[in-house]
**Student:** 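Have a look at the structure that comes next, please.
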There are 2 protein chains.
Amino acid sequence: MPNDIFSALADPTRRRILDMLADIEELPASQIHEQFQVSPQAISKHLKILLEAKLIIVEKRAQQRMYRINTSTMLAFEDWSRNMRQRWSRRLDTFEAVMKAEMAKAATTPTDPEES
Amino acid sequence: MPNDIFSALADPTRRRILDMLADIEELPASQIHEQFQVSPQAISKHLKILLEAKLIIVEKRAQQRMYRINTSTMLAFEDWSRNMRQRWSRRLDTFEAVMKAEMAKAATTPTDPEES
DNA sequence: CTCATATTAAACCATTTTGTTTATAAAGTA
DNA sequence: TACTTTATAAACAAAATGGTTTAATATGAG
């Protein structure tokens, strides 16, 4: 996973932009800007960063630029977090299985100082 | 989702630390440090940031601090990305359904200039 | 007690980030 | 053509980030 995807997601304004685009299909920069206190230039920069991370895509339409979410990058990102979880949960399952086996063994041969 | 989780994940060194802890159950700071070029102090700072984001947990053991992944935060993070995807995919499904309905309608009443 | 090991804290510095302001560009409208 | 709208680019300042070096702290070993 490229670093710029994570860096792009590190900013709360950019996450709010993605939030909007998760629900609204497509939005021009001006309409995105309406939801924030900062200047339109600041929003334009955020959009540029999201574009470079390929988290969104643009389409020119007259003077406007219509932005929408880039589903393939979002899917790749979801894969990353699922893969992470699979790795530690598999490991914990194994640990749990070992523990259960130990417990079972302990049950059949209860604590016995004379053993062996 | 707290911002410090995303900020913590924005650094490649910190993601590599999480990668290690996804596979290895628990590790002392020194052993984590071995995998990197930077100073132990730099790694200590990264661990502090991961701790503050609750992405990892520590346990003091003699002079060492054993670090492990915090599964609940990791699960919350996975939920965030899944929730994101569910929102845009539901929307796209609806869009697709509408398109199909339009297509079906077009098929039953083929292009016909005389129509109503 | 003294020394070595493991780790964090504090001060400091270079770089990056995020916002602002000013300027520029492209497209529709009177 | 001149004007307005929509948006980006460029220059700049303040704040945050990530690393280093120098101390400081805690714990086990001799």
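All values derive from a computational prediction rather than experimental measurement. Proteins get letters first, then strands, A, B, ... in listed order; numbering begins at 1 in each.
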**Student:** Heavy atoms from C-beta onward define the side chain here; which of C:dT7, C:dA27, D:dA7 lies closest to that of B:Pro28?
**Tutor:** C:dT7

**Student:** Using whole Å, report how far CD of A:Gln63 lies from P of D:dC3.
**Tutor:**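 Roughly 17 Å, once rounded to whole Å.
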
**Student:** Students often get this wrong, so: under 4.0 angstrom with heavy atoms, is A:Lys45 touching a base, only sugar-phosphate, or nothing?
**Tutor:** base

**Student:** Working note: A:Glu26 + A:Arg61, criterion salt bridge (Lys or Arg N to Asp or Glu O under 4.0 Å); need CA distance, chi angles, decisive distance, verdict.
**Tutor:** CA-CA 12 Å; A:Glu26 64 172 23; A:Arg61 195 173 306 167; 3.0 Å; yes

**Student:** State whether A:Arg65 places a side-chain N or O below 4.0 Å from either non-bridging phosphate oxygen (OP1 or OP2) of C:dA26.
**Tutor:**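 For C:dA26, OP1/OP2 do not have a side-chain N/O of A:Arg65 under 4.0 Å.
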
**Student:** Heavy-atom distance under 4.5 Å between the side chains of B:Arg82 and A:Glu78, does that happen here?
**Tutor:** yes

**Student:** Among D:dA7, C:dG28, D:dG18, which nucleotide has an atom closest to any side-chain atom of A:Tyr67?
**Tutor:** D:dA7

**Student:** Hey, is the side chain of B:Ser39 poking within less than 4.0 Å of OP1 or OP2 on D:dG19, counting only N and O atoms?
**Tutor:** no

**Student:** Output the rounded distance in Å from CE (A:Met66) to C1' (C:dA26).
**Tutor:**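 In whole Å, C:dA26 C1' lies 17 Å from A:Met66 CE.
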
**Student:** Taking all atoms of both residues into account, what is the closest heavy-atom pair of A:Leu21 and A:Ile56, and its distance?
**Tutor:**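 In terms of heavy atoms, the two residues are closest at CD1-CG2, 3.7 Å.
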
**Student:** Between atom CD1 in B:Ile49 and atom P in D:dT17, what is the gap in whole Å?
**Tutor:**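 In whole Å, D:dT17 P lies 8 Å from B:Ile49 CD1.
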
**Student:** From C-beta outward on A:Ala62, which listed nucleotide comes closest to its side chain: C:dG28, D:dT27, D:dA7?
**Tutor:**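 Output: C:dG28.
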
**Student:** Nearest-Å distance, CG (A:Leu27) to P (D:dT6)?
**Tutor:**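 Checked: the CG to P distance equals 14 Å.
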
**Student:** Output the rounded distance in Å from CD1 (B:Ile56) to P (C:dT7).
**Tutor:**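 Answer to the nearest Å: 12 Å.
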
**Student:** Report the nucleotide, chosen from C:dG19, C:dA27, C:dT18, that has the shortest atom-to-atom distance to any side-chain atom of A:Ala42.
**Tutor:** C:dG19

**Student:** With a non-hydrogen cut-off below 4.0 angstrom, is A:Arg61 in contact with a base, only sugar-phosphate, or nothing?
**Tutor:**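 The residue A:Arg61 makes no contact with any strand.
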
**Student:** Without decimals, in angstroms, what is the distance between A:Leu50 CG and D:dT8 P?
**Tutor:**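 Going from CG in A:Leu50 over to P in D:dT8 covers 12 Å.
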
**Student:** Rounded off to whole Å, could you give me the CD-to-C1' distance for the B:Gln41 and D:dT22 pair?
**Tutor:**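 For the pair B:Gln41 CD and D:dT22 C1', the rounded distance is 9 Å.
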
**Student:** Select one nucleotide: of C:dG19, D:dG18, C:dA27, the one nearest the side-chain heavy atoms of B:His46.
**Tutor:**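 Side chain of B:His46 sits closest to D:dG18.
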
**Student:** Which pair of non-hydrogen atoms, one from B:Asn3 and one from A:Asp11, has the smallest distance, and what is that distance?
**Tutor:** ND2-C, 4.5 Å

**Student:** How about B:Asn83 and B:Ser81: does a side-chain donor come under 3.5 Å of a side-chain acceptor?
**Tutor:**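 Absent: no donor and acceptor within the cut-off.
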
**Student:** Which part of the nucleic acid, if any, lies within reach of A:Lys48 when heavy atoms closer than 4.0 Å are counted: base, sugar-phosphate only, or nothing?
**Tutor:**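 Counting heavy atoms under 4.0 Å across all strands, the contact made by A:Lys48 is with sugar-phosphate only.
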
**Student:** Quick one: label B:Ser44 by what it contacts on the DNA or RNA (base, sugar-phosphate, nothing), any heavy atom closer than 4.0 Å.
**Tutor:** base

**Student:** Rounded to whole Å, how long is the line connecting atom CD of B:Gln64 with atom P of C:dT8?
**Tutor:**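 Distance, rounded to whole Å: 11 Å.
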
**Student:** Taking the six-membered ring for Trp and the single ring otherwise, decide whether the centroids of B:Phe77 and B:Phe6 are under 6.0 Å apart.
**Tutor:** yes

**Student:** From the set C:dT7, D:dT6, C:dT18, return the single nucleotide nearest to any side-chain atom of B:Ser30.
**Tutor:** C:dT7

**Student:** Quick one: label B:Phe36 by what it contacts on the DNA or RNA (base, sugar-phosphate, nothing), any heavy atom closer than 4.0 Å.
**Tutor:**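 Answer is nothing: B:Phe36 stays at 4.0 Å or more from every strand.
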
**Student:** How do B:Gln31 and A:Gln37 order along DNA chain C: which one's closest nucleotide is nearer the 5' end?
**Tutor:** B:Gln31

**Student:** Considering only side-chain heavy atoms of A:Arg14, which listed nucleotide, C:dT7, D:dG28, C:dT18, is closest?
**Tutor:**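 The nucleotide sitting nearest to the side chain is C:dT18.
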
